[in-house]
Amino acid sequence: MPQEDQPVTAAREERYDAQRIEQKWAERWQSDPSLYAAEAHPTKPKYYVLEMLPYPSGALHMGHVRNYSIGDALARYMWMNGYNVLHPMGWDSFGLPAENAAIKNNTPPKQWTLANIAAMKLQMNRLGFAYDWSREVTTCLPDYYRWNQWFFLKLYEAGLAYRKKSKVNWCPQCATVLANEQVVAGMCWRHEDQPVEQRELEQWFLRITKYADELLRDLESLQEWPEKVRIMQQNWIGRSEGTLVDFDLGGTVGPAGSTITVFTTRVDTIYGATSVQLAPEHPIVCDMIARDTDLRAKVEQLVAEQRKAKEAGDIGAIEKHGVFTGRYAKNPYNGEPVPVWVANYILIDYGTGAIMSVPAHDERDYEFAMKYNLEIRLVILPQSNDDETMAEPALPFTAMNAFLVNSGEFNGLTCADAIKKMSARAAEKGFGKPTVTFRIKDWGISRQRYWGTPIPMVYCEKDGVVPVAEKDLPVILPDNVPITLAGGSPLMNVPQFLNTTCPKCGGPARRETDTMDTFVDSSWYFYRYADAHNDKAPFDSAKIAYWFPIDQYIGGVEHAILHLIYSRFWTKFMRDMGLVKNDEPIARLFTQGMVIKNGAKMSKSMGNVVSPDEMVARYGADAARLYSLFAAPPDRDLDWQESGIDGIQRFMGRVYRFYLRNPVETGLAPSPPAQSQTLSPKARDLQRKLHQTIKRVSDDFQGRWHFNTCIAAIMELVNEIYGAESAGKIPASLIADVRRNIALMLAPMAPYLAHELWEMTGETGNLLKSPWPKYDPALAAEDEIEIPVQVNGKLRGLVVVPASATNDQVEQAALADEKVKAAITGKQIVKKIVVPNKLVNIVVR
RNA sequence: GCCCGGAUGGCGAAACUGGCAGACGCACGGGACUUAAAAUCCCGGGUCCGUAACAGGACGUGACGGUUCGAUUCCGUCUCCGGGCACCA
């Protein structure tokens with residue numbers, strides 16, 4: 001120990017020198033890479049704790065520090081509780097920022113990315129996070145992304161990866177396509193002021209919709225996920241049950257067909273349909289306008305206005321417009337012809353892109369009908385016990401708790417019954433059927449970018465679209481590619497990459513030049529940690545069977561939809577391939593709050609960023625970690641206040657000085673536990689407080705994750721020590737007890753300090769693998785308790801009774817209290833309530 | 001518009017199952033130590049009324065109402081703040 005090497009000066013002894021002590025331990029820990037190494041072990045209980053892997057932007061921010069401090073505390077706590085812990089870290093290292101940096105600094109994306117990784121790894125190590133670096137995953141390296149390509153081939157074989165020409169979301173600033181999930185209120189998720197344009201491109205899609213039902217259903221099993229996340233995913237998947245109904249156009253339209261199929265969830269209101277509305281992009285509309293230039297002009301104007309409104313930043317519901325096509329379609333239930341319109345509020349990519357319009361019973365249809373003077377026909381009425389006085393409801397009337405009128409043979413049915421009977425009728429007669437639609441769409445993964453996983457497909461003039469052979473993986477992303485944001489993949493300009501031979505016929509062919517969405521990388525990375533160096537397969541299934549599902553995943557709520565729904569999809573696909581056995585990847589999810597300062601999220605544009613490096617340099621890693629755990633419970637937003645971290649530093653010094661005042665020579669056997677009978681009252685109070693503190697910290701750690709109250713409890717214990725010390729000498733055995741236990745309790749949250757304290761107690765064993773302390777209920781028990789006494793619910797006195805006092809004894813003591821007496825004199829006692837160990841309330845009149 | 005959170009001292013927060021509101025920490029005030037400061041150690045702080053000082057009293061967890069012997073906690077209505085979704089038929 002340094003104290004032995006060189007006599008410390010008095011001044012130095014006073015202060016906890018975080019820099020020196022943390023340096024010392026960091027060196028020791030790094031000299032032993034096996035310290036945090038995990039090994040699958042069939043008989044040991046496992047615990048897989050994972051924090052969301054960062055994008056290597058160049059430096060950690062406080063959100064990372066908070067996220068990783070929580071995960072690290074948990075990992076260390078579980079180690080101390082005897083679990084075989086897997087706690088890995090990696091880098092989500094493909095993506096656009098590397099290309100932007102390349103353009104700005106003229107550095108290749110790979111070089112920039114790897115340098116950032118090195119820098120951030122140093123930061124993480126300086127912060128003392130206990131990761132098993134032997135399992136590090138870097139998604140931009142071929143030994144990882146080759147398995148993205150391999151999975152893509154498997155998806156293609158299974159018919160779950162397909163190519164289609166489609167309108168896609170295009171961000172002009174990113175110069176690439178965005179997934180639906182990356183469009184936020186019509187704007188690019190990376191450029192909040194950039195409206196997303198629609199472009200027609202050939203794109204690769206993954207058929208996530210195949211799993212839509214299961215993704216929804218299995219949310220039920222994720223009871224340990226925040227309800228908020230489950231609801232967000234549920235809404236995103238957006239399942240609705242409804243009916244398809246064919247409206248006959250009378251054979252007057254071209255190749256797109258002569259019936260319009262509408263989707264409705266309220267077929268019970270179909271006798272109230274007074275028009276059919278088509279999306280402007282509907283194929284039947286295309287047919288119609290091909291032969292009607294007048295209509296064409298009107299529809300084009302409709303579309304143009306729509307686009308203008310969107311680009312002007314209008315989000316949500318914009319004003320409804322429509323155009324009458326001059327045609328009629330027949331309602332198959334009553335044979336009535338209704339006018340066919342084209343309307344801007346009909347979405348082409350939901351349902352069938354066509355609806356029946358029931359103005360009396362749908363808000364949007366009502367608004368539209370009022371504007372264009374369409375007929376409004378009431379076909380359901382509220383249910384009432386008193387049929388005589390039934391009043392017409394306010395329109396639009398959309399309740400389900402109603403019954404049918406003006407609906408022919410279906411009159412009198414309740415809405416729910418009518419939906420069943422009427423959709424069955426459609427199927428029976430062949431003009432429709434019950435159906436289920438989803439809001440979620442297939443996942444478009446093509447990106448016209450350089451810094452991503454090449455899609456392993458080849459285009460041959462003779463054989464068409466041909467997958468690269470598995471043995472030829474990985475398709476290596478070439479270096480030294482000139483990067484522009486001009487549009488189109490930069491790989492198109494690399495002949496050595498572009499030109500290849502057809503895997504089928506051997507003739508000349510061209511490679512796919514698009515790369516994969518980076519969310520592919522993060523959809524399965526946590527499986528790779530279980531078997532990070534496998535070069536025969538993405539992983540060994542036996543290892544997955546041991547480690548999965550992830551016991552605890554921790555990250556920001558911003559990934560509630562994208563990353564977490566893609567990951568679930570990927571797992572289900574791998575399960576169906578037979579690679580894994582689990583249906584879900586993540587058993588428990590925790591979403592921590594944001595780090596804010598001065599009322600706003602920390603960001604460069606707000607200028608309120610606090611640098612972790614600066615905090616570590618000024619206060620040390622432990623202080624930064626402890627503060628991020630202390631300032632708020634982990635699920636809430638944390639308001640960063642520099643003065644708060646001063647207080648933490650002061651607390652650490654207070655703990656440290658207690659150990660300095662009570663030195664122990666190394667090599668001594670641990671003292672036997674203190675005997676409570678022989679202790680002075682003040683020492684007994686300290687002993688009780690110690691055991692109560694162990695209980696509180698254990699409870700708050702395990703069950704609630706309230707690290708803030710864990711730390712507060714330890715602070716109270718330290719305050720008690722100082723009080724006891726000033727009151728007289730404390731027996732050495734009790735001091736030894738306290739000293740050991742404080743080091744153990746601090747170990748998950750402040751590892752540097754805890755290790756130093758552990759060494760100062762004369763312990764030589766590995767703190768990380770030392771058992772978490774247990775409290776003794778007998779030693780934690782109070783001898784006497786203070787019971788508040790209320791009169792009519794108002795506090796009037798306090799009585800001190802033995803902890804063993806009966807309710808009667810407590811009541812007698814309460815009635816004997818002078819203040820209580822004064823409050824009840826001359827009044828009649830109506831009731832006496834004694835809550836054991838809690839309170840007495842006397843009700844008087 | 002719909003869905004989910006949240007609101008407690010000057011500030012961050014605590015009160016876990018309805019039972020002493022404000023633990024713990026920050027900031028602040030006072031004292032000790034010091035030539036002085038820093039550091040450290042000790043003490044005090046919800047608001048208002050009241051007292052020379054004690055005492056004592058009233059009010060107090062966004063607002064209003066309800067249930068209860070008793071409500072920060074449960075119920076209803078509303079306000080404000082944060083987040084998600086955005087015409088999904």
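In what follows, every chain begins at residue 1, and chains take the letters A, B, ... in the order their sequences are listed. None of the values given here were measured: they were computed from a predicted structure.
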(message) In whole Å, I'd like the distance from the CG atom of A:Asp639 to the C1' atom of B:G82.
(response) 14 Å

(request) Take A:Val557 and A:Glu363, find for each the nucleotide of RNA chain B with the closest heavy atom, and name the residue whose nucleotide sits nearer the 5' end. (result) A:Glu363

(request) Report the relative orientation of the aromatic rings in A:Phe707 and A:Trp705; use parallel for angles under 30°, tilted for 30 to 60°, perpendicular for over 60°. (result) tilted

(request) Using the salt bridge (charged side-chain N to carboxylate O under 4.0 Å, His left out) rule, take A:Asp685 and A:Arg688 through it: C-alpha gap first, then chi angles, then the decisive distance, then the call. (result) CA-CA 5 Å; A:Asp685 285 347; A:Arg688 184 184 301 113; 3.0 Å; yes

(message) What's A:Ile355 touching, base or sugar-phosphate or nothing? Going by heavy atoms closer than 4.0 Å.
(response) base

(request) Check every atom of B:C87, B:C24, B:A86 against the side chain of A:Tyr345 and return the nucleotide holding the closest atom. (result) B:C87

(message) Please give the distance between the C1' atoms of B:C59 and B:C74 as a whole number of Å.
(response) 24 Å

(message) Under a 3.5 Å cutoff, is there a donor and acceptor pairing between the side chains of A:Arg568 and A:Gln233?
(response) yes

(request) May I ask you to say what A:Asp365 touches in the nucleic acid, namely base, sugar-phosphate or nothing, with a heavy-atom cut-off under 4.0 Å? (result) nothing

(message) Distance check needed: B:C24 P versus A:Arg650 CZ, whole Å only.
(response) 15 Å

(request) Looking at every strand, decide which applies to A:Ile714 at a 4.0 Å heavy-atom threshold: base, sugar-phosphate, or nothing. (result) nothing

(message) Distance check, C1' atoms only: B:A13 and B:C26, in whole angstrom units.
(response) 10 Å

(request) Give a yes or no on whether a donor-acceptor pair under 3.5 Å exists between the nucleobase atoms of B:C69, that is its base, and the side chain of A:Lys832. (result) no

(message) Any strand counts, and the cut-off is 3.5 Å on both contacts for Watson-Crick or G-U wobble. Which nucleotide pairs with B:A13?
(response) none

(request) Measure up the A:Tyr627 and A:Trp640 rings against each other and bin them: parallel (under 30°), tilted (30 to 60°), perpendicular (over 60°). (result) perpendicular

(message) For A:Tyr345 and A:Asp365, which I'm curious about, is there any donor-acceptor pair between the side chains at under 3.5 Å?
(response) yes

(message) Between B:C75 and B:G19, how many Å separate the two P atoms, rounded to a whole number?
(response) 15 Å

(message) Nearest to the A:Arg636 side chain among B:A14, B:G83, B:A89, which nucleotide is it?
(response) B:A14

(message) On RNA chain B, compare the nucleotides closest to A:Arg796 and A:Leu347; which residue's is nearer the 5' end?
(response) A:Arg796

(request) Specify the separation, in whole Å, of atom CG of A:Asp646 and atom P of B:A39. (result) 9 Å

(message) Using the side-chain heavy atoms of A:Gln790, tell me which of these nucleotides is nearest: B:G19, B:C69, B:A23.
(response) B:G19

(request) Ignoring the backbone of A:Ser643, work out which of B:A27, B:G19, B:C42 is nearest its side chain. (result) B:A27

